[in-house]
Amino acid sequence: MKPMKDLNELLVHDLQDLYDAEHQISEALPKMVEAASSEELKTAFQEHLAQTEEHIKRLKEAFRLLNKRAQRVSCKGMQGLIEEGSELMQEQSTGEVLDAALIAAAQKVEHYEMAAYGSARTYAYLLDMKDVAQLLQQTLDEEETTDKSLTQIAGRLNAEAIR
Ligand SMILES: [Fe+2]
């Protein structure tokens, strides 16, 4: 990675990293839909897949506003999280336990994204790029909503699992 001189370069770098992360997520989610047992969880993952496509579009729009080419820079953090998730799916866990583990894996992904979008949004504000900041805030809001609804689903599924 070449050194970054200013906040503007850091913003572009972080958006490229997120652009790669979102692509990785869009590839992983269909496998999670398949692996989930609960219909409610399958639907939640499916809905988040559709949202993720929108997040990718918003990032493209942010690159356009910044006059930069939409480019992926390998996001190793997301790679690690997704790798752990796919290891889970290869283990022999059964329905409810696997669902609980899948939710935890998905929430780790959401929290990573929330941290990344939050800081990128702040850089954009500081650089007085309000339109970019707004795009990032919109996605951040959706990631937060997804995280909360996963918590609710986990509450219901875990209550069933211990019965
Ligand atoms: Fe996303």
Side-chain angles (χ1 to χ4, degrees), residues 1 7-36 38-66 68-89 98-127 129-155 157:
M1 198 171 100
L7 205 55
N8 189 59
E9 281 190 21
L10 181 60
L11 172 63
V12 171
H13 172 270
D14 284 3
L15 294 181
Q16 291 169 336
D17 185 280
L18 269 168
Y19 193 55
D20 183 61
E22 293 284 21
H23 279 93
Q24 290 188 47
I25 295 165
S26 74
E27 283 155 29
L29 276 168
K31 294 172 207 157
M32 294 170 75
V33 171
E34 199 132 311
S38 144
E39 283 307 316
E40 188 183 19
L41 186 55
K42 279 182 189 286
T43 307
F45 285 155
Q46 245 147 13
E47 283 171 4
H48 195 56
L49 177 57
Q51 267 186 351
T52 299
E53 304 297 338
E54 287 306 308
H55 298 174
I56 291 174
K57 281 188 201 153
R58 277 190 205 125
L59 286 170
K60 276 189 192 154
E61 177 62 10
F63 285 119
R64 196 189 63 78
L65 290 166
L66 291 162
K68 296 281 174 193
R69 206 160 48 87
Q71 198 187 340
R72 290 170 69 165
V73 162
S74 168
C75 176
K76 299 200 183 70
M78 191 54 66
Q79 244 166 41
L81 290 175
I82 287 179
E83 234 169 70
E84 284 192 351
S86 52
E87 278 168 20
L88 276 176
M89 291 187 268
L98 180 58
D99 279 359
L102 286 172
I103 291 173
Q107 286 193 290
K108 287 174 191 166
V109 167
E110 288 313 307
H111 281 243
Y112 184 100
E113 288 194 283
M114 280 151 56
Y117 276 108
S119 46
R121 179 264 340 257
T122 301
Y123 304 154
Y125 268 124
L126 292 171
L127 292 163
M129 294 167 175
K130 295 214 172 56
D131 37 6
V132 175
Q134 256 163 26
L135 284 171
L136 301 174
Q137 182 66 53
Q138 244 180 309
T139 298
L140 176 59
D141 291 344
E142 288 178 8
E143 308 291 12
E144 282 173 356
T145 305
T146 298
D147 179 53
K148 283 190 191 122
S149 78
L150 286 171
T151 299
Q152 284 167 356
I153 295 172
L157 294 185

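Both counts, for ligands and for their atoms, begin at 1 and track the order of listing. This chain uses plain numbering: 1 for the first residue, then up along the sequence.
Electrostatic pairing of Arg64 and Glu61 counts as a salt bridge here, judged by a charged N lying under 4.0 Å from a carboxylate O. In this structure, Arg58 does not pair ionically with Glu22, as no charged nitrogen and carboxylate oxygen lie closer than 4.0 Å.
Note on Glu143: counted as a metal contact of the Fe ion (ligand 1), an N/O/S atom lying under 2.8 Å.
Residue His55 approaches the Fe ion (ligand 1) most closely through its N/O/S atom ND1.
Rounding to 10 degrees, one finds that the Fe ion (ligand 1) sits at the corner of an angle of 70° between Glu113 OE2 and Glu22 OE1.
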| Between His13 and Gln16, does a side chain to side chain donor-acceptor pair (under 3.5 Å) hold up when you go through it step by step? | CA-CA 5 Å; His13 172 270; Gln16 291 169 336; 5.8 Å; no
| side chain to side chain donor-acceptor pair (under 3.5 Å) evaluation trace for Gln24 with Asp20 | CA-CA 6 Å; Gln24 290 188 47; Asp20 183 61; 2.9 Å; yes
